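Everything quoted here is computed from the prediction, not taken from an experiment.
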Amino acid sequence: MSNDQRDFGFHTRSVHAGSRPDPNTGARALPIFQTSSYVFEDAESAAAYFNLQEYGNTYSRIMNPTVAAFEERLANLEGGAGAVAFASGLAAQSATFFTLLEPGDHVVASAALYGGSITQLKHLFRKLSIGLTFVDPDDMENWRAALTDHTKLLFAETIGNPGGNVLDIASVAALAHDNGMPLVVDNTFATPYLCRPMDWGADIVVHSATKFIGGHGTSIGGAVVDSGEFNWSNGRFPVIANPSPAYHGLAFHETFGKYGYLMKLRAETLRDLGAAMSPFNAFLFAQGLETLPLRMRQHVANALKVADFLSTHDKVRSVRHPGLPDSPYAGLVDTYLPRGAGAVFCFDLNGGRQAGREFIAALSLFSHLANVGDAKSLVIHPATTTHRQLSDDELSAAGIGPGTIRLSIGIEDAEDLIWDLDQGLAAVQAQGRYTD
Amino acid sequence: MRVEDYQDPTVIQAALNERRIAIVGLSSNELRPSHFVGYYMQRHGYQIVPVNPRETEVLDEASYPSLADVPEPVGVVDVFRDPAAVPAIAREAVAMGAKFLWLQYGVISEEGVGIALDSGMQVIVDRCMKVEHARYRGRMHWLGFNTEVISANRKPG
Ligand SMILES: Cc1ncc(COP(=O)(O)O)c(C=O)c1O
C-alpha cells in the first residue's frame, strides 16, 4: 500500500502535513523562505501565475512557501480543502467577512465571543453598512429568530472566550444550511485536536494561531480554513459566484470548484487588505502544530485538575469550566469535546474586585497578562484590567462578575499550579459583597 | 453511485502518466474552467486534443466535433459536459480504445461510468485533472491547499 492510500493519524499529520523534505536542499526542517518576491522563469510563466492558470509564487503578500506549509498543515488537521494565513486572528476574521459580504448584508453572531471580536464586528460592519445581530448562543431559538432575508452567515466560537459556552455546532450548521448560508466557527480555544467543527457541518473555521497553535506565546497570527463544501452558486453569493470585477471577470466558484472561496480569499482579499503572515511566524506556527496534540492533552488534563481544586475552595464562589460534571454544557462537551473542554476558563471569587486584586498580586507562577493558550499558565482579572471602565452592572451584562478571574492553564505540573493558586487564595482578605 | 469509489489515488496517478488527453467540451474562452485545465495540462507537457463542435482550434490544437473524429488514440478522455452527454461520450471513448474516463467536478453519470467500466476502462469521477496533477506532481502545496500528501521522501527539485 502506498502513502496515498493510508489514512494517517492526527499525530502523524501534525508532524508531516504540508512539509516534505525540501526538494532543492534536502533540508528536513521547514525552511524559512525569507523573501518578498520570486524570480519568474519566463514571461509566459509570470502571466500564468498572475492569471491563476498555474500555481506559482509571485509576491509574499499573497503567498510564501513557508507560510503555505503552515496553511496546509492546519487545513489538513481541520479536514479542510485548504487555508489562508493572516497576520493575526482578527485579520483572518475580517478577511473572511470581507470576502463574503457586501453592503446591505446581515450577520448573526454569538454574543459570547472574545471581546476583541465583538468590538471588531460592531465597528467593521457599521462602517461597511452590514447589519449585525448578537444572540445568546445557547438557545437555538435565538439564532432562528435573528435571521433576516439579508443574513449571509452565522458566526460563533466552539468554546466561548471567556464564558466557556460550548456551541451546538451541528444544530447551528443545519440552521445555516437550511437558509442557504455558511456557518463560520472560531476554533481557537478547541484547536483541531479537541474539535473539528467541519466534521459537524461548519463551513469555514477561523483561528487565532497566536494561542494554542503557536503554543508558546511568541507570535501573533491567524488563519482561515475552508471546507470546500459550501455551494456558493446557490444564488445568494453572487460575490463569489459571479465574474469578479476585481479579477478581470474570473468566476471563482465555477473555475476553481471547491477551492473557489480560498482562491478568492487569497488572490483578492489578502492581496487587497494586505495583512499577510510573515514567513518567520509561519515557521513558528508550523513548529507549534507539530506538538499540538501532546500539548493539548497536558493543557486539558491540568485545567480539569485545577478546576476541580477550585470548585472545592471556600473562597471560590463558582467555577465555569465546561468540562465539570455540573456544567450546563456537559452534554455538548460529551458530543463535541470528548478529549477535553479546553484549558481557558473563569472562576469567581467571593470577595469581588478587591479579592481579585489581592489574589493576582499573590500569585508567583501564573503570569498576569492579556493572552491565552501559552505553554505557561496565565491569569487575568477582567474587572481591573480589560473591563476596568465598566460598572458592576455593566460587567454582569458581559457575563463578568467583579470577582471573575480568567485562567489559561499551561503545561506545567498541575500540582505546582494548584500550589500557586492555593497560596493566592490564602492571601485574599476581602469578603466583598458576596457573603454566601 | 458513490463518487469516492472513483477517486482512487493509484488510478488518478496512472491516468497522469498518460501523455495524450482528449478534452471534451474544451472552450477557447480563457475564463472557462475547461480552458484553465487545458492550458495547465499543455504547459506541463501533455498533448491535448480539443473535442468541441463549436471550436475549430483551441490552445493551438485542432478541435474535433466528436471523439469519433479524433484520428489518433488518446490515453485519457477528460469530460467537461452536461452529465446527460456522458453515456454517449463513454461509448466513443471505449470505441477509440482510451484507457481512462475522467469526469470533471459535477459531471456525474452513473450510466456513463457503467459503460466505461464494463469495457475495462478505468474511471475517475468528480475530480479536476489540473488539481490532481498539481497535488501529486505540481505545486498545489504552494498555495496552502490540503494536498493530503504525507511523505518523508525527497521529491526532485
Ligand atoms: C477566541 C479568540 N479569537 C480571536 C482572537 C484574536 O486573535 P489575534 O489576537 O491573533 O488577532 C482571540 C485573541 O485573544 C481569541 O481569544
Side-chain angles (χ1 to χ4, degrees), chain A residues 2-6 8 12-13 16-26 28 44-45 48 51-57 62-65 67-76 78-85 223 225 228 243 248-251 254-259 262-263 266-267, chain B residues 3-4 7-14 16 27 29-45 59-60 80 103-108 126-157:
Chain A
S2 76
N3 283 23
D4 302 321
Q5 276 149 319
R6 181 164 174 85
F8 288 104
T12 303
R13 292 183 287 121
H16 287 280
S19 170
R20 298 182 64 168
D22 182 60
N24 297 314
T25 61
R28 179 56 276 203
E44 162 103 20
S45 300
N51 287 338
L52 306 180
Q53 291 165 308
E54 170 66 283
Y55 307 79
N57 291 315
I62 306 169
M63 74 285 280
N64 172 280
V67 179
F70 162 64
E71 291 167 332
E72 180 172 354
R73 183 167 295 168
L74 180 62
N76 185 295
E78 285 284 6
V84 180
V225 187
H248 56 65
L250 195 62
E254 187 188 26
T255 305
F256 299 113
K258 68 187 282 192
Y259 305 101
L262 288 164
M263 272 292 202
R266 181 184 301 283
Chain B
V3 293
E4 307 86 74
Q7 301 177 340
D8 183 339
T10 316
V11 177
I12 287 172
Q13 290 179 74
L16 294 172
S27 168
N29 178 345
E30 287 192 7
L31 290 174
R32 301 300 303 159
S34 62
H35 195 92
F36 269 77
V37 173
Y39 174 90
Y40 176 94
M41 298 309 286
Q42 192 180 53
R43 195 179 139 78
H44 285 271
L59 291 162
D60 297 328
F80 284 87
L103 305 182
Q104 290 283 143
Y105 288 143
V107 186
I108 299 167
D126 202 28
R127 288 270 152 150
C128 172
M129 202 165 188
K130 175 189 175 197
V131 168
E132 297 309 316
H133 180 277
R135 179 196 310 279
Y136 294 113
R137 310 271 162 87
R139 305 159 163 184
M140 189 179 176
H141 57 290
W142 277 4
L143 294 191
F145 294 120
N146 182 8
T147 63
E148 296 176 50
V149 174
I150 302 285
S151 170
N153 295 337
R154 184 171 168 181
K155 222 165 104 165

Next on the checklist: Can you give me the closest heavy-atom contact between A/Ala48 and B/Tyr39, atom names plus distance?
Outcome noted: CB-OH, 3.4 Å
Checklist outcome for this item: Closest non-hydrogen atoms of B/Ser151 and A/Pro21, given as atom of the first, atom of the second and distance, are O-CD, 3.9 Å
Next on the checklist: Quick one, B/Asn146 with A/Glu78, criterion side-chain contact (heavy atoms from CB on, under 4.5 Å). Give me CA distance, side-chain angles, the key distance, then yes/no.
Outcome noted: CA-CA 10 Å; B/Asn146 182 8; A/Glu78 285 284 6; over 6 Å; no
Next on the checklist: Please classify the contact between B/Asp8 and chain A as side chain, backbone, both or neither, with a heavy-atom cut-off of under 4.5 Å.
Outcome noted: side chain
Next on the checklist: Shorter than 4.5 Å, heavy atoms on both sides: which option in B/Cys128, B/Pro9, B/Gly106, B/Ser34 has the most such pairs with chain A?
Outcome noted: B/Pro9
Next on the checklist: So A/Gln53 and B/Tyr40, do their side chains get closer than 4.5 Å, heavy atoms only?
Outcome noted: no
Next on the checklist: With a 4.5 angstrom heavy-atom cut-off, is it the side chain or the backbone of A/Leu262 that approaches chain B, or both, or neither?
Outcome noted: side chain
Item to check | Backbone of A/Arg20 reached by a side-chain donor or acceptor of B/Arg154 within 3.5 Å | outcome: no
Checklist entry - With only heavy atoms counted, which part of A/Ala81 is less than 4.5 Å from chain B, the side chain, the backbone, both or neither? => result backbone
Checklist entry - Given a strict heavy-atom distance threshold of 4.5 Å, which part of B/Val37 is in contact with chain A: side chain, backbone, both, or neither? => result neither
Item to check | Exercise: identify the closest heavy-atom pair between B/Ala152 and A/Arg28 | outcome: CB-NH1, 3.6 Å
Item to check | Side-chain donor-acceptor pair present, B/Gln13, A/Asp4, cut-off under 3.5 Å | outcome: yes
Checklist entry - Does NZ or CZ of B/Lys130 lie under 6.0 Å from the centre of the six-membered ring of A/Tyr55, at an angle within 45° of the ring axis? => result yes
Item to check | Gap separating the NE2 atom of B/His141 from the CZ atom of A/Arg73, nearest 0.5 angstrom | outcome: 13.0 Å
Next on the checklist: In the structure I gave you, are the side-chain heavy atoms of B/Leu31 and A/His248 within less than 4.5 Å of one another anywhere?
Outcome noted: yes
Checklist entry - Heavy-atom distance under 4.5 Å between the side chains of B/Arg43 and A/Ser45, does that happen here? => result yes
Next on the checklist: Need one label for B/Arg139: side chain, backbone, both or neither, based on atoms under 4.5 Å from any heavy atom in chain A.
Outcome noted: both
Checklist entry - Taking A/Pro65, A/Gly26, A/Gly257, A/Ala75 one by one, which has the highest count of heavy-atom pairs under 4.5 Å against chain B? => result A/Gly26
Checklist entry - So A/Tyr259 and B/Phe145, would you call those rings parallel, tilted or perpendicular, with 30° and 60° as cut-offs? => result perpendicular
Next on the checklist: Which one wins on heavy-atom pair count under 4.5 Å against chain B: A/Met63, A/Met263, A/Glu54?
Outcome noted: A/Glu54
Next on the checklist: What's the separation between atom OG1 in B/Thr10 and atom CD in A/Gln5, rounded to the nearest 0.5 Å?
Outcome noted: 3.5 Å
Item to check | Check: B/Leu143 main-chain N/O paired with A/Arg266 side-chain donor or acceptor under 3.5 Å | outcome: yes
